[in-house]
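Proteins come first, then strands; the chains are lettered A, B, ... in the order of their sequence lines, and each starts at number 1.
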Protein chains: 2
Amino acid sequence: MQKEHSLSKNQKIIFDLIDKSGGPMKAYSILFNVQKKGIKAPLQVYRALDKLVEIGKIHKIESRNAFIACQNSSCQVSKATAFSICESCENVSEISNSKLLKYLSSFSDNSGMKYSKYNLEFFGLCKKCKSK
Amino acid sequence: MQKEHSLSKNQKIIFDLIDKSGGPMKAYSILFNVQKKGIKAPLQVYRALDKLVEIGKIHKIESRNAFIACQNSSCQVSKATAFSICESCENVSEISNSKLLKYLSSFSDNSGMKYSKYNLEFFGLCKKCKSK
DNA sequence: TAACGTTATGTAATAATATAACATTTATAA
DNA sequence: TTATAAATGTTATATTATTACATAACGTTA
(Lines give C-alpha, C1' and ligand atoms only; values in the text may rest on other atoms or scores of the structure.)
Protein backbone atom coordinates (compact mmCIF):
# COMPACT_ATOMS: atom_id res chain seq x y z
CA MET A 1 0.00 0.00 0.00
CA GLN A 2 1.32 3.37 -0.96
CA LYS A 3 1.22 6.52 1.10
CA GLU A 4 -1.78 8.72 0.45
CA HIS A 5 -1.09 12.36 0.11
CA SER A 6 -3.48 14.42 2.14
CA LEU A 7 -4.44 17.37 0.08
CA SER A 8 -4.71 20.88 1.42
CA LYS A 9 -7.93 22.84 1.12
CA ASN A 10 -7.19 24.48 -2.22
CA GLN A 11 -5.60 21.37 -3.63
CA LYS A 12 -8.69 19.36 -2.76
CA ILE A 13 -11.11 21.86 -4.24
CA ILE A 14 -9.17 21.97 -7.46
CA PHE A 15 -8.53 18.26 -7.71
CA ASP A 16 -12.19 17.46 -7.11
CA LEU A 17 -13.23 19.86 -9.84
CA ILE A 18 -10.84 18.39 -12.42
CA ASP A 19 -11.65 14.85 -11.38
CA LYS A 20 -15.41 15.38 -11.63
CA SER A 21 -15.11 17.06 -15.00
CA GLY A 22 -13.84 13.78 -16.43
CA GLY A 23 -11.63 15.52 -18.95
CA PRO A 24 -8.88 18.06 -19.34
CA MET A 25 -9.41 21.49 -17.82
CA LYS A 26 -7.51 24.71 -18.38
CA ALA A 27 -6.16 26.80 -15.55
CA TYR A 28 -8.35 29.83 -16.09
CA SER A 29 -11.44 27.72 -16.54
CA ILE A 30 -10.60 26.12 -13.20
CA LEU A 31 -10.14 29.56 -11.70
CA PHE A 32 -13.54 30.66 -12.96
CA ASN A 33 -15.14 27.55 -11.48
CA VAL A 34 -13.63 27.85 -8.02
CA GLN A 35 -14.11 31.55 -7.47
CA LYS A 36 -17.30 30.89 -5.55
CA LYS A 37 -15.19 28.76 -3.18
CA GLY A 38 -12.87 31.64 -2.40
CA ILE A 39 -10.01 30.95 -4.77
CA LYS A 40 -9.64 34.27 -6.49
CA ALA A 41 -6.19 34.48 -8.05
CA PRO A 42 -4.42 32.59 -10.84
CA LEU A 43 -1.47 31.89 -8.60
CA GLN A 44 -3.63 30.00 -6.14
CA VAL A 45 -4.72 27.76 -8.97
CA TYR A 46 -1.25 27.29 -10.41
CA ARG A 47 0.21 26.45 -7.03
CA ALA A 48 -2.34 23.76 -6.43
CA LEU A 49 -1.86 22.44 -9.97
CA ASP A 50 1.91 22.30 -9.51
CA LYS A 51 1.54 20.30 -6.35
CA LEU A 52 -1.07 17.96 -7.82
CA VAL A 53 1.18 17.31 -10.80
CA GLU A 54 4.13 16.72 -8.50
CA ILE A 55 2.33 14.05 -6.51
CA GLY A 56 0.79 12.48 -9.59
CA LYS A 57 -2.88 13.19 -8.93
CA ILE A 58 -3.16 15.07 -12.19
CA HIS A 59 -1.15 15.32 -15.39
CA LYS A 60 -0.53 18.24 -17.68
CA ILE A 61 -1.44 17.78 -21.32
CA GLU A 62 1.41 19.84 -22.71
CA SER A 63 0.07 20.32 -26.20
CA ARG A 64 -3.17 21.72 -24.79
CA ASN A 65 -2.05 23.58 -21.69
CA ALA A 66 -4.63 21.62 -19.79
CA PHE A 67 -4.78 19.37 -16.77
CA ILE A 68 -6.48 16.02 -16.37
CA ALA A 69 -7.00 13.77 -13.36
CA CYS A 70 -4.82 10.69 -13.35
CA GLN A 71 -6.87 7.79 -14.63
CA ASN A 72 -4.37 5.20 -13.54
CA SER A 73 -4.99 4.29 -9.91
CA SER A 74 -1.47 2.99 -9.39
CA CYS A 75 0.12 6.17 -10.65
CA GLN A 76 1.52 8.04 -7.67
CA VAL A 77 4.09 10.11 -9.46
CA SER A 78 4.00 11.26 -13.04
CA LYS A 79 7.17 9.91 -14.55
CA ALA A 80 5.70 7.96 -17.40
CA THR A 81 2.65 9.40 -19.07
CA ALA A 82 0.93 8.70 -22.36
CA PHE A 83 -2.26 10.17 -23.74
CA SER A 84 -4.46 9.89 -26.76
CA ILE A 85 -5.99 13.12 -27.96
CA CYS A 86 -8.80 13.51 -30.47
CA GLU A 87 -8.01 16.45 -32.69
CA SER A 88 -11.66 16.96 -33.48
CA CYS A 89 -13.53 16.78 -30.16
CA GLU A 90 -10.44 17.25 -27.96
CA ASN A 91 -11.31 14.22 -25.88
CA VAL A 92 -8.26 13.01 -23.97
CA SER A 93 -7.60 9.65 -22.35
CA GLU A 94 -4.66 8.28 -20.53
CA ILE A 95 -3.09 5.24 -22.14
CA SER A 96 -2.40 2.42 -19.73
CA ASN A 97 -1.00 -0.14 -22.17
CA SER A 98 1.67 -1.67 -19.98
CA LYS A 99 3.73 -2.98 -22.88
CA LEU A 100 4.06 0.53 -24.27
CA LEU A 101 4.78 2.08 -20.90
CA LYS A 102 7.44 -0.49 -20.10
CA TYR A 103 9.01 -0.18 -23.52
CA LEU A 104 9.36 3.55 -23.06
CA SER A 105 10.49 3.35 -19.44
CA SER A 106 13.33 1.09 -20.46
CA PHE A 107 14.25 3.06 -23.55
CA SER A 108 17.81 4.19 -23.85
CA ASP A 109 19.96 5.31 -26.72
CA ASN A 110 23.61 6.09 -27.25
CA SER A 111 23.33 9.76 -26.27
CA GLY A 112 24.67 9.11 -22.80
CA MET A 113 21.49 10.53 -21.34
CA LYS A 114 19.75 8.94 -18.43
CA TYR A 115 16.00 9.32 -18.85
CA SER A 116 14.00 9.70 -15.68
CA LYS A 117 10.70 10.80 -17.16
CA TYR A 118 8.75 10.94 -20.39
CA ASN A 119 5.53 12.21 -21.83
CA LEU A 120 3.90 10.89 -24.97
CA GLU A 121 0.92 12.37 -26.77
CA PHE A 122 -0.85 10.57 -29.61
CA PHE A 123 -3.15 12.52 -31.92
CA GLY A 124 -5.90 11.33 -34.18
CA LEU A 125 -9.63 10.96 -34.46
CA CYS A 126 -11.64 9.13 -31.87
CA LYS A 127 -14.22 6.53 -32.79
CA LYS A 128 -17.11 8.98 -32.72
CA CYS A 129 -15.40 11.70 -34.73
CA LYS A 130 -14.12 9.23 -37.31
CA SER A 131 -17.62 8.12 -38.18
CA LYS A 132 -18.92 11.63 -38.71
CA MET B 1 13.15 12.81 -54.40
CA GLN B 2 10.73 14.83 -52.36
CA LYS B 3 9.39 18.23 -53.21
CA GLU B 4 11.24 21.10 -51.58
CA HIS B 5 9.09 23.76 -50.07
CA SER B 6 10.23 27.17 -51.11
CA LEU B 7 10.05 29.38 -48.09
CA SER B 8 8.71 32.90 -48.16
CA LYS B 9 10.81 35.81 -46.99
CA ASN B 10 9.73 35.78 -43.36
CA GLN B 11 9.71 32.02 -43.19
CA LYS B 12 13.29 31.92 -44.46
CA ILE B 13 14.54 34.57 -42.04
CA ILE B 14 13.00 32.76 -39.12
CA PHE B 15 14.01 29.28 -40.18
CA ASP B 16 17.62 30.36 -40.73
CA LEU B 17 17.75 31.91 -37.28
CA ILE B 18 16.41 28.82 -35.53
CA ASP B 19 18.57 26.52 -37.61
CA LYS B 20 21.76 28.45 -36.93
CA SER B 21 21.03 28.65 -33.22
CA GLY B 22 21.38 24.87 -33.06
CA GLY B 23 18.85 24.56 -30.27
CA PRO B 24 15.32 25.42 -29.26
CA MET B 25 14.23 29.03 -29.51
CA LYS B 26 11.20 30.76 -28.04
CA ALA B 27 8.89 32.88 -30.11
CA TYR B 28 9.62 36.19 -28.45
CA SER B 29 13.33 35.57 -28.50
CA ILE B 30 13.00 34.95 -32.21
CA LEU B 31 11.02 38.16 -32.52
CA PHE B 32 13.72 40.12 -30.74
CA ASN B 33 16.38 38.67 -33.03
CA VAL B 34 14.61 39.42 -36.29
CA GLN B 35 13.43 42.92 -35.58
CA LYS B 36 16.43 44.36 -37.38
CA LYS B 37 15.24 42.44 -40.44
CA GLY B 38 11.88 44.14 -40.39
CA ILE B 39 9.79 41.57 -38.59
CA LYS B 40 8.19 43.64 -35.90
CA ALA B 41 5.11 41.85 -34.62
CA PRO B 42 4.49 38.59 -32.74
CA LEU B 43 1.96 37.51 -35.32
CA GLN B 44 4.52 37.63 -38.09
CA VAL B 45 6.66 35.26 -36.08
CA TYR B 46 3.83 32.93 -35.14
CA ARG B 47 2.59 32.73 -38.71
CA ALA B 48 6.00 31.73 -39.97
CA LEU B 49 6.40 29.25 -37.13
CA ASP B 50 3.02 27.68 -37.88
CA LYS B 51 3.95 27.18 -41.49
CA LEU B 52 7.41 25.84 -40.72
CA VAL B 53 5.90 23.35 -38.29
CA GLU B 54 3.28 22.37 -40.87
CA ILE B 55 5.86 21.54 -43.50
CA GLY B 56 8.17 19.84 -41.02
CA LYS B 57 11.13 22.22 -41.12
CA ILE B 58 10.85 22.84 -37.40
CA HIS B 59 9.18 21.16 -34.46
CA LYS B 60 7.58 22.59 -31.38
CA ILE B 61 8.89 21.37 -28.04
CA GLU B 62 5.55 21.44 -26.28
CA SER B 63 6.83 21.25 -22.73
CA ARG B 64 9.04 24.26 -23.33
CA ASN B 65 7.01 26.40 -25.71
CA ALA B 66 10.01 26.47 -27.98
CA PHE B 67 10.86 25.63 -31.55
CA ILE B 68 13.77 23.66 -32.92
CA ALA B 69 14.97 22.99 -36.45
CA CYS B 70 14.30 19.47 -37.65
CA GLN B 71 17.48 17.48 -37.26
CA ASN B 72 16.24 14.58 -39.32
CA SER B 73 16.91 15.28 -42.99
CA SER B 74 14.26 12.85 -44.14
CA CYS B 75 11.56 14.45 -42.07
CA GLN B 76 9.28 16.42 -44.35
CA VAL B 77 6.22 16.48 -42.20
CA SER B 78 6.09 16.31 -38.43
CA LYS B 79 3.91 13.33 -37.69
CA ALA B 80 6.30 11.37 -35.54
CA THR B 81 8.55 13.33 -33.25
CA ALA B 82 10.66 12.37 -30.27
CA PHE B 83 13.02 14.50 -28.24
CA SER B 84 15.35 14.19 -25.33
CA ILE B 85 15.48 17.15 -23.00
CA CYS B 86 18.04 17.82 -20.31
CA GLU B 87 16.25 19.24 -17.30
CA SER B 88 19.39 20.96 -16.12
CA CYS B 89 20.89 22.69 -19.16
CA GLU B 90 17.74 22.52 -21.31
CA ASN B 91 19.65 21.02 -24.20
CA VAL B 92 17.26 19.35 -26.64
CA SER B 93 17.95 16.78 -29.33
CA GLU B 94 15.73 14.98 -31.72
CA ILE B 95 15.72 11.22 -31.33
CA SER B 96 16.12 9.36 -34.58
CA ASN B 97 16.12 5.80 -33.25
CA SER B 98 14.19 4.11 -36.02
CA LYS B 99 13.11 1.18 -33.90
CA LEU B 100 11.44 3.52 -31.43
CA LEU B 101 9.86 5.65 -34.14
CA LYS B 102 8.48 2.62 -35.96
CA TYR B 103 7.21 1.08 -32.76
CA LEU B 104 5.27 4.24 -31.97
CA SER B 105 4.06 4.79 -35.52
CA SER B 106 2.54 1.35 -35.55
CA PHE B 107 1.10 1.59 -32.05
CA SER B 108 -2.57 0.93 -31.67
CA ASP B 109 -4.76 -0.01 -28.78
CA ASN B 110 -8.34 -1.05 -28.27
CA SER B 111 -9.71 2.48 -27.96
CA GLY B 112 -10.92 2.52 -31.54
CA MET B 113 -8.77 5.54 -32.21
CA LYS B 114 -6.72 5.91 -35.33
CA TYR B 115 -3.48 7.68 -34.52
CA SER B 116 -2.06 9.90 -37.21
CA LYS B 117 0.56 11.73 -35.21
CA TYR B 118 2.50 11.59 -31.98
CA ASN B 119 4.99 13.57 -29.96
CA LEU B 120 7.26 12.09 -27.32
CA GLU B 121 9.45 13.99 -24.91
CA PHE B 122 12.02 12.28 -22.69
CA PHE B 123 13.46 14.13 -19.71
CA GLY B 124 16.61 13.54 -17.77
CA LEU B 125 20.16 14.71 -17.36
CA CYS B 126 22.56 14.88 -20.24
CA LYS B 127 26.06 13.47 -20.04
CA LYS B 128 27.63 16.79 -19.09
CA CYS B 129 25.10 17.69 -16.42
CA LYS B 130 25.17 14.20 -14.91
CA SER B 131 28.89 14.47 -14.19
CA LYS B 132 28.64 17.82 -12.40
C1' DT C 1 -2.15 39.36 -69.70
C1' DA C 2 -6.31 39.73 -66.98
C1' DA C 3 -8.92 37.79 -63.65
C1' DC C 4 -9.19 34.75 -59.91
C1' DG C 5 -8.09 32.29 -55.85
C1' DT C 6 -4.53 31.37 -52.55
C1' DT C 7 -0.79 32.42 -49.69
C1' DA C 8 1.86 35.73 -47.33
C1' DT C 9 2.42 40.20 -45.16
C1' DG C 10 1.56 44.38 -42.11
C1' DT C 11 -0.43 46.48 -38.02
C1' DA C 12 -2.97 47.24 -33.78
C1' DA C 13 -5.24 45.48 -30.16
C1' DT C 14 -6.12 42.05 -26.91
C1' DA C 15 -6.68 37.32 -25.05
C1' DA C 16 -4.75 33.46 -22.67
C1' DT C 17 -1.22 31.37 -19.95
C1' DA C 18 2.04 31.72 -16.20
C1' DT C 19 5.29 33.70 -12.66
C1' DA C 20 7.64 37.18 -9.29
C1' DA C 21 7.62 39.24 -4.99
C1' DC C 22 6.17 39.81 -0.57
C1' DA C 23 3.28 39.17 3.64
C1' DT C 24 0.81 36.03 6.50
C1' DT C 25 -1.22 31.72 8.21
C1' DT C 26 -1.53 26.83 9.02
C1' DA C 27 0.37 22.24 9.60
C1' DT C 28 4.12 19.17 11.04
C1' DA C 29 7.49 17.51 13.70
C1' DA C 30 11.42 17.90 17.05
C1' DT D 1 6.33 24.91 22.32
C1' DT D 2 9.08 26.35 19.28
C1' DA D 3 11.09 25.85 14.91
C1' DT D 4 10.47 24.59 10.19
C1' DA D 5 8.17 23.61 6.20
C1' DA D 6 4.06 23.96 3.52
C1' DA D 7 0.21 26.44 2.11
C1' DT D 8 -2.37 30.66 1.49
C1' DG D 9 -3.56 35.53 0.14
C1' DT D 10 -2.79 39.54 -2.76
C1' DT D 11 -1.01 42.67 -6.23
C1' DA D 12 1.39 43.26 -10.09
C1' DT D 13 3.54 41.79 -14.12
C1' DA D 14 5.74 38.66 -17.50
C1' DT D 15 5.20 35.47 -21.21
C1' DT D 16 2.84 33.16 -24.85
C1' DA D 17 -0.54 33.36 -28.46
C1' DT D 18 -4.67 34.90 -31.23
C1' DT D 19 -8.45 38.00 -33.37
C1' DA D 20 -9.63 41.14 -36.67
C1' DC D 21 -8.97 43.68 -40.50
C1' DA D 22 -6.42 45.62 -44.52
C1' DT D 23 -3.12 45.03 -48.22
C1' DA D 24 0.29 42.82 -51.25
C1' DA D 25 2.53 39.03 -53.81
C1' DC D 26 2.18 34.74 -56.19
C1' DG D 27 0.48 31.01 -59.12
C1' DT D 28 -2.77 29.27 -62.25
C1' DT D 29 -5.49 29.14 -66.19
C1' DA D 30 -8.77 31.21 -69.38
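- In this structure, the NZ atom of Lys9(A) is 10 Å from the P atom of dT26(C), given to the nearest Å.
- The shortest heavy-atom contact between Met113(A) and Cys126(B) is CG-CA, 3.3 Å.
- Ile58(A) and Ile61(A) sit in two unconnected hydrophobic clusters of ILVMFWY residues. Membership requires side-chain heavy atoms under 4.5 Å apart, directly or through other members.
- An OP1 or OP2 oxygen of dA18(C) is reached within less than 4.0 angstrom by a side-chain nitrogen or oxygen of Asn65(A).
- The NZ atom of Lys51(A) sits 13 Å away from the C1' atom of dA27(C) (whole-angstrom rounding).
- The interatomic distance linking Lys12(B) (NZ) with dA8(C) (C1') rounds to 17 Å, in whole Å.
- Using a 4.0 Å cut-off between charged nitrogen and carboxylate oxygen, Glu121(B) and Arg64(B) do not count as a salt-bridge pair.
- Read 5' to 3', the first and last nucleotides of DNA chain D with an atom closer than 4.0 Å to a heavy atom of chain A are dA7(D) to dT11(D).
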For a side chain to side chain contact (heavy atoms under 4.5 Å, CB included) check, start with the C-alpha distance between Asn97(B) and Phe107(A), then their side-chain angles and the critical distance, and finish with the verdict. CA-CA 10 Å; Asn97(B) 186 299; Phe107(A) 178 78; 3.7 Å; yes
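- As judged by a 4.0 angstrom heavy-atom cut-off over every strand, Lys60(A) is placed among residues touching the sugar-phosphate backbone only.
- Between Tyr103(A) and Tyr103(B), the ring center distance clears the sub-6.0 Å criterion.
- Within residues 34-47 of chain B, the residues having any heavy atom under 4.0 Å from DNA chain C are, by residue number, Lys40(B), Ala41(B), Leu43(B), Gln44(B), Arg47(B).
- The shortest distance between the side-chain N/O atoms of Lys26(A) and the OP1/OP2 oxygens of dA15(C) is not below 4.0 Å.
- Not a single donor-acceptor contact under 3.5 angstrom links the side-chain atoms of Tyr28(A) to the base of dA15(C).
- Side-chain contact, Thr81(A) with Asn119(A): a donor N or O sits under 3.5 Å from an acceptor N or O.
- Taking 4.0 angstrom as the limit, Ser8(B) places a side-chain polar atom (N or O) nearer than this to OP1 or OP2 of dT9(C).
- When atom types are taken as modelled, the side chain of Ser29(A) and the backbone of Met25(A) share no donor-acceptor pair closer than 3.5 angstrom.
- Taking atom CE of residue Met25(A) and atom C1' of nucleotide dT17(C), one finds them 15 Å apart after rounding to whole Å.
- Helix bend of the helix from dT1(C)-dA30(D) to dA30(C)-dT1(D): the angle between its two end axes, each built from five pairs, comes to 40° after rounding to 10°.
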Show, in sequence, the C-alpha distance, side-chain angles and deciding distance for Lys128(B) and Cys89(B), and conclude whether the side chain to side chain contact (heavy atoms under 4.5 Å, CB included) test is met. CA-CA 9 Å; Lys128(B) 275 187 195 169; Cys89(B) 69; over 6 Å; no
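- Side-chain atoms of Glu54(B) do not come within 3.5 Å of backbone N or O of Lys51(B) as any donor-acceptor pair.
- Distance, Ile55(B) CD1 to dA8(C) P: 9 Å, rounded to whole Å.
- In this structure, Tyr115(B) contributes its side chain and Ser84(A) its backbone to no donor-acceptor pair below 3.5 Å.
- In this entry the distance linking CG of Leu31(A) with C1' of dA16(C) reads 12 Å, nearest Å.
- Looking only at atom types and distance, the side chain of Asp109(B) has a donor-acceptor partner in the side chain of Ser111(B) under 3.5 Å away.
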